[in-house]
Amino acid sequence: MPNQSKSMEPPPNKRLQLGFAAALVPVGTHWQGDWLLLAVAVAIFAVLSLALGRAALIKARKHAQVEEELRRAKEELELRVIERTEALHRANEQLKQELAVRERVEEELRQGRNMLAQIIDTIPQFVFWKDKNSLYEGCNIVFARAAGLESPDGIRGKSDYDLPWLREESDAYRADDRSVMDSNTPKYHIIEQQQQVNGIRYWVDTTKVPLCDDNGSVVGVLGVYDNITERKGIEEARDRALAMLESLLASSPTGILVYDGETGVCVKANEAAAAMVGASREQMLAQNFREIPSWETMGVRRLAEQVLTDGQTRSIEVSGASTFGATLESECFLSRFDVEGKHHLMFIVVDMTERKRLEQEKRLIEAQMLHVQKLESLGVLAGGIAHDFNNILMVVLGNADLALLRVPPDSPACENLVQIEQAASRAADLARQMLAYSGKGHFVIEKLDLNRVVQDMAPMLEVSASKKALLRYDFASELPAISGDATQLRQVILNLVINASEAMGEGTGLISISTRRIDCDRAYLSESWIDDRLPEGCYVVLEVSDTGCGIDREVIPKIFDPFFTTKFTGRGLGMAAVLGIVRSHKGAIKVYSEKGKGSSFRLLLPCVAGGVDHPEPQAQQPLWHGSGTVLLADDEESIRALGSDMLQALGFSVKLACDGREAVEVFKADMDEIVCVLLDLTMPVLDGEQAFKVLRALKPDVKVIMSSGYNEQEVSLKLAGTGLAGFIQKPYKVAEMSRKLAQVLGAED
């Protein structure tokens, strides 16, 4: 067996010793030699053994030293292992602690993140954050819903252009992002609009701040905004209210001042208040009410202190000069109000200048209205008297006219009849003057050249004026025409010249008569004597001025009163008739006078279009005669008798009626026989107007001539468009009746 043979072999040292012995003692040599060899061999062996022993000892020592070193190394290693184990244990314990701390920190961080996420998702504000390229990295649930997303996770990676905002809104958002990130500076309260997914646009208030990494480099932007649509609406409403309040304050005609009750400094002033005192708003705001001299002298400061003390509103009327030199005529209201617990004084100033002027004007208008009422009342009286007077004159003048027709021309009675006729004509002129005073004095209306009217009167005016008075004329060229009655205007001019002459007294003086054209506005016309609300436009002015004694200011309002005079003997209606004539011509009078400096009466008469009328003078014509039956209705028996005589003298048969009802009955009975009806305008039962309407209903083509003491224009206004055949004014003569009947019936012959 290999293992067994191997075990039976001698040890290496034994094999070496045997080898040496065999070599030293050869076989077959002598015994001594063999001992020598053996001794040598033994010596060698001893030496070798000693060397080997020494080597073994050295080796053993080294082995022991190695083992000792190994032991020491093992002990050191064990010690180190123990130390390392303890270090590892300590490190493990420390790691466990650190892991526990980290787990706790991570848990807290997780909880914090969850809390932050919950806070972000539950707050009502819209929160979002973007990267450096303005791409969304996250948002809260409120923002996601506004952007039309189901959850905040859907926002990641989107840009503003992917959301429902309008493009111009997205452009603005990205521009703000760039501004914040480039400047690394927050941007607060960006007020802008945002289109919602439902199409509604909200006003939003946005704040954006830069997001930075640990090195401070900007990596994105965080934005938070709030829906301020409702607040914006409230602010806009407040701004509108404030703007309206400021506008009202600025445009208010009432002066408004506000002072701090403690310091007395002016904190608010509007333009009206500044204008009233002749200052600017800046000057007003620089004032302290306790240091304003005019407040002290007018007693306003004392009142202001009382208002600040007890809070009771008070008022005061002030009159005088302001600190800035303006004249004040105002009413002031002082009241107290509180702002943030501090008393303030409100000072409201109402300018009384215009009100007092209006009150004065009102008093003047009331006086004028009273004067107008007096004139109208007296006018009604004068008109009634003139109407009745004309009926009486009708009898006188008509009978005188008929008598002249029947008396031979060489009869001595003719002269008496002519004088009666002239006296009756003068009385008729007086009646016309009374009608003029009553405002019903239009007679012959023509387009007149006022220059020509005055020029034609020059000889009469020279005779009528005082010999010591010098008449001077100043006529404007190319004067527009006026519409009026030349006779009435002559009466006005004559009356004014006579008054001017009498104002001279016994001394010498100048009377000027001038004409001109003027364009009058409402303000100018309103200052005339008795404002009849005349229309603005072109007027012809006739001015009569003198260098006489003038008129007292207190007397001027009375000069147009009937029967008023400053002379010992008056002339009755006088200036009242002048005023009545001017008013009947739709004109006005302006009076300028000062005691001792003369007077000026300015007549304003409205211009009319077209040229001046030039009537041809009527030649004396023979009486026209007709035939048929004329119905004459008048409530005056004398006029019925006179009219019957006149009609019969002209070849007509006559039927008479004493009132309108009888006239209708007579007309019904002889309708076919009657060729013309002569009706008096004023009759009992049925007046002329009522009777005329009934007659027209019975026979539409009936010829009716209306007769009245009033003028033709007055009657024509009442019966315009009714088919009236003609009008004849009382008193009239046979010739006038002949001409009127020829106009109405002559065409049928």
Side-chain angles (χ1 to χ4, degrees), residues 426 429-430 432-433 436-437 448-477 479 482 484-518 528-529 539-582 585 587-605:
R426 287 195 296 270
D429 289 338
L430 178 59
R432 281 193 291 272
Q433 183 176 350
Y437 169 72
L448 301 173
D449 180 358
L450 195 56
N451 288 343
R452 177 60 60 85
V453 173
V454 179
Q455 288 169 353
D456 292 344
M457 291 185 65
M460 182 186 300
L461 297 177
E462 295 288 347
V463 173
S464 302
S466 169
K467 300 300 181 182
K468 297 181 180 181
L470 175 64
L471 285 174
R472 185 175 67 187
Y473 301 95
D474 182 13
F475 299 128
S477 60
L479 202 63
I482 61 170
D485 181 87
T487 302
Q488 291 188 66
L489 293 176
R490 290 189 191 102
Q491 180 182 344
V492 169
I493 297 167
L494 181 61
N495 201 331
L496 292 177
V497 170
I498 291 174
N499 281 351
S501 177
E502 291 177 348
M504 305 291 182
E506 297 299 325
T508 60
L510 176 66
I511 300 175
S512 299
I513 304 174
S514 62
T515 61
R516 67 179 183 276
R517 175 189 178 277
I518 186 174
S528 59
W529 187 254
Y539 285 78
V540 172
V541 178
L542 172 67
E543 186 168 359
V544 178
S545 57
D546 62 73
T547 58
C549 61
I551 307 172
D552 288 331
R553 188 177 299 275
E554 296 77 12
V555 175
I556 291 178
K558 302 178 182 179
I559 61 176
F560 294 105
D561 286 348
F563 311 107
F564 175 81
T565 180
T566 57
K567 297 180 284 292
F568 180 73
T569 57
R571 298 197 178 192
L573 296 176
M575 293 301 294
V578 170
L579 180 60
I581 292 172
V582 174
H585 282 75
I589 300 178
K590 297 175 78 70
V591 181
Y592 303 93
S593 185
E594 188 174 346
K595 188 66 175 176
K597 295 184 179 180
S599 304
S600 177
F601 288 82
R602 187 175 298 170
L603 275 60
L604 305 175
L605 299 171

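Distance check: Arg516 CZ to Leu479 CG gives 10.5 Å after rounding to the nearest 0.5 Å. Rounded to the nearest 0.5 Å, atoms OG (Ser514) and CZ (Phe475) are 9.0 Å apart. In this structure, Leu603 CG and Glu543 CD are separated by 9.5 Å, a value rounded to the nearest 0.5 Å. Rounded to the nearest 0.5 angstrom, Asp485 CG and Arg490 CZ are separated by 8.5 Å. The structure places CD1 of Ile513 at 10.5 Å from CG of Leu450, a figure rounded to the nearest 0.5 Å. Rounded to the nearest 0.5 angstrom, Ile589 CD1 and Leu496 CG are separated by 7.0 Å.
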Side chain to side chain contact (heavy atoms under 4.5 Å, CB included), that's the test. Do Leu489 and His585 meet it? Break it down for me.
CA-CA 9 Å; Leu489 293 176; His585 282 75; 4.0 Å; yes

Would Met504 and Thr547 count as a side chain to side chain contact (heavy atoms under 4.5 Å, CB included) if you check the C-alpha gap in whole Å, the side-chain angles of each, and the deciding distance to 0.1 Å?
CA-CA 7 Å; Met504 305 291 182; Thr547 58; 3.9 Å; yes

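Using modelled atom types and a 3.5 Å distance limit, the side chains of Ser593 and Ser599 yield a donor-acceptor pair.
Across all non-hydrogen atoms, the minimal contact from Gly484 to Leu448 is O-CD1, 3.5 Å.
Counting heavy atoms from C-beta on, the side chains of Leu542 and Leu605 never come closer than 4.5 Å. Within the 4.5 Å cutoff, the side chain of Gln455 has no heavy atoms near those of the Asp449 side chain. Counting heavy atoms from C-beta on, the side chains of Asn495 and Phe601 never come closer than 4.5 Å.
For the side chain to side chain donor-acceptor pair (under 3.5 Å) test, no residue two or more places apart in sequence or in another chain qualifies with Ser501. Considering only residues two or more places apart in sequence or on other chains, Asn451 meets the side chain to side chain donor-acceptor pair (under 3.5 Å) condition with Thr515.
Other residues, nucleotides and ligands place no more than 12 heavy atoms under 6.0 Å from the NZ atom of Lys597.
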